[in-house]
K.L.:
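Sharing a structure here in structure tokens format.
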Amino acid sequence: MNRLPITIALLLSCTTAAADTLAPILVETEVDVEATEPQVGDVVLEEYTGSHRRIEREQLQRPGGSLGESLAFEAGVQHGQAGAEGSYSAITLRGASSAQTPLFWDGVRLNGAAQPTVDLSDLELLNLESVDIYRGSAPLQLGGGIGGAVALNSPRTQGNATTLRLQAGSFSSSGLQLGFSVGGQKWQSNTVFSHRKAKNDFSLINDNGTDSNPDDDRRERRNNAAFERNALLSKLSFNPKPNEQYDVSIQHTARDLGVPEWRNRADNQASFDTKVSLLQLNQRLTSLRDSDWNTRIGVHAQHRQENYDDRLSQVGIGAQHSRSRSESKGATAYAEHIGHYGTTALQAELRQEEMRSNDWIDDVAADAKRREQNLSAHYAWFNENETLTLTAGTQWQGLSDKYNGLYRDGKDRRSGDHLGFSLGAQFNPSESWRWQFNLGEFYREPSFYELFGDRGLHVGNEDLEAESGINADLSLLWRHASGEVQLGAFQSNRDNLIATVFSAQGIGHSENIGGAQVRGLELSVTQQFSPQWNMRITATAQDAENQSRIIAFSGNQLPGQAQLQGALRVNHMRPRSHWWFEGSALDGRFYDTANILPAENQLVINAGGTLTKQLWSFSLTLNNLTDEKIEDFNGFAKPGRNAHISASYQFKIK
């Protein structure tokens with residue numbers, strides 16, 4: 001019996017490397033959607049020649065929604081979740097795995113040597129102001145990514161106000177958010193506290209691992225899937241002079257999570273608890289010393305603690321009880337010169353990470369340290385009438401590792417470096433048309449978990465080599481009086497692709513499986529029918545071919561990657577109400593590298609609405625209206641039909 005589903009769900013629930021894998025929603029556009037002026041160090045869209053998409057706060061705060069689902073509505077993005085609210089959630093971008101897709105929180109990269117993938121359910125969605133998706137070459141300010149990058153943006157000041165939000169939903173889901181913002185001419189402060197929990201005892205069909213024998217199937221409640229999360233975000237900005245800004249932010253998240261067993265055993269007690277704290281400080285200066293230079297200097301420190309407890313050996317391959325701590329510290333210096341015909345940007349980053357793990361059963365401790373340096377330069381040239389933009393960039397990455405109690409290729413340390421490039425072009429022959437082209441290299445060192453990880457059903461590989469490759473994409477945007485259409489084509493060739501290969505016993509092992517080629521077409525359509533009605537359609541056709549050195553895998557599709565993806569959203573908006581309907585579909589996915597376990601096609605339909613009256617807002621969301629059986633990971637069902645409501649009130653402060 002194939003035990004791949006056990007491995008996938010456990011790895012994902014433990015935020016390890018992926019196994020191969022309220023308010024009105026306004027009319028959405030592909031570009032030029034920044035709600036606030038960019039600060040020094042932010043991505044300037046006029047100088048970015050890739051495909052960009054922003055998701056605003058109104059959609060992110062929809063009750064019963066998730067960050068992964070919001071992102072997956074966009075072309076090129078796919079989302080996987082190992083169950084209900086609070087369970088492991090991750091995205092892939094243009095066929096790049098979650099480990100290969102960097103996520104940033106206010107400019108700080110969350111992926112790292114200790115945490116290769118970012119569990120989106122570990123983040124508090126209510127603490128986000130917007131999310132930017134960059135497909136193709138990642139902007140200089142965010143560093144490189146195989147399929148692009150995703151930037152999470154926390155709220156900026158919203159004036160003097162206090163907001164209270166209550167939420168409730170199916171499966172004993174509930175939430176509370178209290179936000180407080182206040183400010184003056186030279187300073188602003190924003191603090192948000194949130195509490196979320198759910199029992200997640202949704203109904204499912206347990207087939208006892210025998211797909212071909214329906215006689216032993218039974219309907220039961222999901223066991224040991226409860227979660228509880230508390231989060232705090234506090235930001236303070238100070239502007240002593242018109243051209244000088246300082247800001248500090250701190251966020252802390254604590255989550256307790258049950259780890260379900262794939263056969264849903266009732267006595268399962270396995271748990272996975274995390275605590276994460278992130279501190280950032282930035283100084284931004286414009287017109288430095290009356291010149292055309294702007295600068296940003298920032299430092300950050302992140303602490304993460306994970307506690308995995310399966311002492312009864314109910315989920316993994318044996319009894320396990322481990323705790324790991326990881327520390328990430330870094331400093332970034334960014335400078336830009338705005339000239340008459342172009343902008344020069346320089347960035348330097350120094351980052352140090354350390355991970356220490358303790359096996360409390362075998363009384364074994366080990367630690368690994370990584371020091372990383374990144375230097376990059378970028379130039380964007382504009383012609384006189386700004387119809388043509390050409391960009392060129394280069395990035396040098398250097399790192400050194402040191403291990404204690406661990407060995408890589410028989411040694412206790414390693415160092416290496418890589419020099420890459422990026423090229424881009426944008427042509428605007430008229431206000432209605434825009435062409436874009438990008439070409440760039442990428443490079444990724446294996447994480448500590450891929451090298452040494454031993455949790456659940458996963459075993460690391462100390463001999464792994466770094467991934468590398470080349471991205472290319474071309475897109476065309478046509479704007480007309482009532483909407484826009486964007487069509488894009490992309491291709492990515494990858495070498496030394498890191499994947500998890502499974503033995504006959506279902507034990508996963510990190511391997512450089514060889515190469516991969518991902519090619520695809522993306523389509524986005526936005527149409528305004530009337531002042532009240534608008535529609536958005538996205539679609540992706542993708543061929544993620546595994547070019548593995550292993551003959552049995554070569555020519556197959558990369559697991560977890562759908563070949564066809566589509567979504568439709570229709571909005572009806574009035575001054576005090578907003579109603580919406582949406583559907584999304586996936587086709588052509590496999591759970592495994594050998595492509596012998598096809599995933600069922602998905603068609604999910606949701607609907608909802610929002611009513612506002614003065615300072616009150618009430619929202620309702622109905623998910624999975626047709627009660628479809630959905631499994632992003634084999635054997636780990638997501639909830640069927642469910643409903644969520646929220647009510648919020650804003651106290652104005654004079």
K.L.:
Any chance the side chains of S432 and H480 put a donor and an acceptor closer than 3.5 Å?
P.N.:
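Result is no, nothing qualifies.
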K.L.:
Distance check, rounded to the nearest 0.5 Å: R519 atom CZ versus F490 atom CZ?
P.N.:
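Taking CZ in R519 and CZ in F490, the distance rounds to 11.0 Å.
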K.L.:
Within a 6.0 Å radius of atom CZ on R414, are there more than 12 heavy atoms belonging to other residues, nucleotides or ligands?
P.N.:
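Check passes, neighbour count above 12.
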K.L.:
Verify, without hydrogens or angle tests, whether E353 (side chain) and A113 (backbone) share a donor-acceptor contact under 3.5 angstrom.
P.N.:
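Yes: the side chain of E353 pairs with the backbone of A113.
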K.L.:
Among side-chain atoms of H337 and T344, is any donor-acceptor pair under 3.5 angstrom?
P.N.:
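No donor-acceptor contact under 3.5 Å links the two side chains.
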K.L.:
Would you say S154 and D106 are linked by a side-chain donor-acceptor pair, where the criterion is simply a distance under 3.5 Å?
P.N.:
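Distance-only check passes for D106 and S154.
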K.L.:
Going from CD on Q426 to CD on Q436, what distance comes out if it is rounded to the nearest 0.5 angstrom?
P.N.:
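Output value for this atom pair is 4.5 Å.
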K.L.:
Hey, is R356 close enough to E354 for a salt bridge, meaning N to O under 4.0 Å?
P.N.:
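Not counted as a salt bridge, because no side-chain N and carboxylate O are separated by less than 4.0 Å.
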K.L.:
A side-chain contact here means heavy atoms from C-beta on lying under 4.5 Å apart; do V108 and Q302 qualify?
P.N.:
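Of all side-chain heavy-atom pairs linking Q302 with V108, none is under 4.5 Å.
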K.L.:
Considering the options D247, T295, N239, N243, which one meets the side chain to side chain donor-acceptor pair (under 3.5 Å) requirement together with R284?
P.N.:
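That would be D247.
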K.L.:
Just how far is it from atom CD1 of I338 to atom CG of D292, taken to the nearest 0.5 Å?
P.N.:
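Answer for the CD1-CG pair, I338 versus D292, is 7.5 Å.
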K.L.:
At what distance, to the nearest 0.5 angstrom, does CG of L71 lie from CD of Q78?
P.N.:
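One gets 12.5 Å once the value is rounded to the nearest 0.5 Å.
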K.L.:
Does any N or O in the side chain of T394 come within less than 3.5 Å of the main-chain N or O of G420, such that one atom is a donor and the other an acceptor?
P.N.:
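Side chain of T394 to backbone of G420: a pair is present.
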K.L.:
Under the side-chain hydrogen bond (donor to acceptor under 3.5 Å, both in side chains) criterion, do Q542 and Q561 qualify, and how do the steps go?
P.N.:
CA-CA 8 Å; Q542 177 178 275; Q561 295 298 316; 3.2 Å; yes
K.L.:
Checking the side chain of R53 only, and the main-chain atoms of I133 only, is there a donor and an acceptor separated by less than 3.5 Å?
P.N.:
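Here the side-chain-to-backbone pair does not exist.
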K.L.:
What I want to check is whether the side chains of S234 and T191 have a donor and an acceptor closer together than 3.5 Å.
P.N.:
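Yes, T191 and S234 have a side-chain donor paired with an acceptor closer than 3.5 Å.
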K.L.:
Would you call E522-R94 a salt bridge at under 4.0 Å N-O?
P.N.:
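So E522 pairs with R94 through a salt bridge.
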K.L.:
Might you point out which heavy atoms bring Y379 and G342 nearest each other, and give the distance in Å?
P.N.:
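Looking at all heavy atoms of both residues, the shortest contact is OH-CA, 3.8 Å.
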K.L.:
Would Y443 and E441 count as having a side-chain donor-acceptor pair, cut-off 3.5 Å?
P.N.:
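Side-chain D/A pair, Y443 to E441: absent.
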K.L.:
Any luck finding a side-chain donor-acceptor pair between T286 and N294 under 3.5 Å?
P.N.:
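Not at all, the side chains of T286 and N294 share no donor-acceptor pair under 3.5 Å.
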K.L.:
Is E327 salt-bridged to K369, cutoff N-O under 4.0 Å?
P.N.:
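Judged by the 4.0 Å cut-off on N to carboxylate O distance, E327 and K369 do not form a salt bridge.
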K.L.:
Salt-bridge test for R408 and E445: reply yes if a basic N is under 4.0 Å from a carboxylate O, no otherwise.
P.N.:
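Counted as a salt bridge, because a side-chain N and a carboxylate O are separated by less than 4.0 Å.
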K.L.:
Counting distance only, does the side-chain N/O of R351 pair as donor-acceptor with the main-chain N or O of R109 below 3.5 Å?
P.N.:
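It does hold such a pair.
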K.L.:
Where is the tightest heavy-atom contact between L93 and A149, given as atom of each residue plus distance?
P.N.:
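Closest heavy-atom pair between L93 and A149: CD2-N, 3.7 Å.
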K.L.:
Would you call T391 and L423 a side-chain contact if the rule is heavy atoms closer than 4.5 Å?
P.N.:
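No - every pair of side-chain heavy atoms lies 4.5 Å or more apart.
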K.L.:
side-chain hydrogen bond (donor to acceptor under 3.5 Å, both in side chains), that's the test. Do S400 and S415 meet it? Break it down for me.
P.N.:
CA-CA 4 Å; S400 60; S415 62; over 6 Å; no
K.L.:
Should we count CH2 of W293 as having more than 12 external heavy atoms under 6.0 Å?
P.N.:
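Enclosed: over 12 neighbouring heavy atoms sit under 6.0 Å from CH2 of W293.
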K.L.:
Verify whether one side chain among T49 and N438 offers a donor that lies under 3.5 Å from an acceptor in the other.
P.N.:
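Yes, side-chain donor-acceptor contact under 3.5 Å.
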K.L.:
Testing L123, V276, D122, N230 for side chain to side chain contact (heavy atoms under 4.5 Å, CB included) with R255, which one passes?
P.N.:
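Testing R255 for a side chain to side chain contact (heavy atoms under 4.5 Å, CB included) against L123, V276, D122, N230 leaves exactly one candidate, D122.
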K.L.:
Looking only at heavy atoms, what is the nearest atom pair of N190 and S181, with distance?
P.N.:
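Looking at all heavy atoms of both residues, the closest pair is OD1-CB, 3.9 Å.
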K.L.:
With distance as the sole criterion, is a donor-acceptor pair present between the side chains of E47 and T343 under 3.5 Å?
P.N.:
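Distance-only check passes for E47 and T343.
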K.L.:
Considering only NZ, NE, NH1 and NH2 on the basic side and carboxylate oxygens on the acidic side, decide whether E450 and R444 come within less than 4.0 Å.
P.N.:
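Yes, this pair counts.
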K.L.:
Does the distance from a Lys or Arg side-chain N to an Asp or Glu carboxylate O, for D42 and R296, drop under 4.0 Å?
P.N.:
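Judged by the 4.0 Å cut-off on N to carboxylate O distance, D42 and R296 do not form a salt bridge.
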K.L.:
How long is the straight-line distance from NE2 of H378 back to CD of E336, given to the nearest 0.5 Å?
P.N.:
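Spacing of CD (E336) from NE2 (H378) equals 11.5 Å.
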K.L.:
Side chain of N111, backbone of P116: donor and acceptor closer than 3.5 Å?
P.N.:
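Flag set: sc N111 to bb P116 pair under 3.5 Å.
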K.L.:
Looking only at heavy atoms, which two atoms of L140 and S376 are closest? And how far apart?
P.N.:
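Shortest heavy-atom separation between L140 and S376 comes out as CD1-OG, 2.8 Å.
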K.L.:
Can any side-chain N or O of N512 pair as donor or acceptor with the backbone N or O of E465 at less than 3.5 Å?
P.N.:
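Here the side-chain-to-backbone pair exists.
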K.L.:
Tell me, please, whether F73 has R569 positioned over its six-membered ring: NZ or CZ under 6.0 Å from the ring centre and within 45 degrees of its axis?
P.N.:
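Yes, R569 lies over the aromatic ring of F73.
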K.L.:
We want to know whether E372 and N374 form a side-chain donor-acceptor pair, criterion being a heavy-atom distance below 3.5 angstrom.
P.N.:
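Side-chain D/A pair, E372 to N374: present.
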K.L.:
Using the side-chain contact (heavy atoms from CB on, under 4.5 Å) rule, take N127 and S194 through it: C-alpha gap first, then chi angles, then the decisive distance, then the call.
P.N.:
CA-CA 8 Å; N127 289 353; S194 59; 4.3 Å; yes
K.L.:
Identify the two heavy atoms, one from H79 and one from A72, that lie closest to each other, and give their separation to 0.1 Å.
P.N.:
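Nearest heavy atoms, H79 then A72: CB-CB, 3.4 Å.
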K.L.:
Any side-chain heavy atom of S89 within less than 4.5 Å of one from D119?
P.N.:
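A side-chain contact exists here, since the closest heavy-atom pair is under 4.5 Å.
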K.L.:
Given 3.5 Å as the limit, does a donor-acceptor pair link the side chain of Q115 with the main chain of G112, or not?
P.N.:
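Such a contact is absent between Q115 side chain and G112 backbone.
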K.L.:
Check the pair N471 / S492 against side-chain hydrogen bond (donor to acceptor under 3.5 Å, both in side chains), numbers first and verdict last.
P.N.:
CA-CA 4 Å; N471 289 328; S492 176; 2.8 Å; yes
K.L.:
Nearest 0.5 Å, what's the NZ-CD1 distance between K235 and I250?
P.N.:
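So the NZ of K235 and the CD1 of I250 are separated by 13.5 Å.
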K.L.:
Give me the atom names and distance for the closest heavy-atom approach of Q141 to V44.
P.N.:
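Reported closest heavy-atom pair: NE2-N, 4.3 Å.
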K.L.:
I'd like to know if the side chain of E467 reaches the main chain of I498, judged simply by a donor and an acceptor atom lying under 3.5 Å from each other, with no hydrogens or angles considered.
P.N.:
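Between the backbone of I498 and the side chain of E467 there is a qualifying donor-acceptor contact (under 3.5 Å).
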K.L.:
As a quick check of understanding, evaluate side-chain hydrogen bond (donor to acceptor under 3.5 Å, both in side chains) for Q517 and N493, giving each step before the final call.
P.N.:
CA-CA 5 Å; Q517 183 180 79; N493 294 328; 3.0 Å; yes
K.L.:
Please check: side-chain N/O of D132 versus main-chain N/O of V150, any donor-acceptor pairing under 3.5 Å?
P.N.:
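It does not hold such a pair.
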K.L.:
Could you verify whether a donor N or O on one side chain and an acceptor N or O on the other, from T274 and E306, lie under 3.5 Å apart?
P.N.:
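There is no such pair (donor and acceptor under 3.5 Å, judged by atom type) between the side chains of T274 and E306.
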K.L.:
Look at the side chain of S291 and the backbone N and O of S287, then say whether any donor-acceptor pair between them is shorter than 3.5 Å.
P.N.:
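No, because the side chain of S291 does not come within donor-acceptor range (under 3.5 Å) of the backbone of S287.
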K.L.:
Between E74 and R536, is there a salt bridge with N-O shorter than 4.0 Å?
P.N.:
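The answer is yes: the pair qualifies as a salt bridge.
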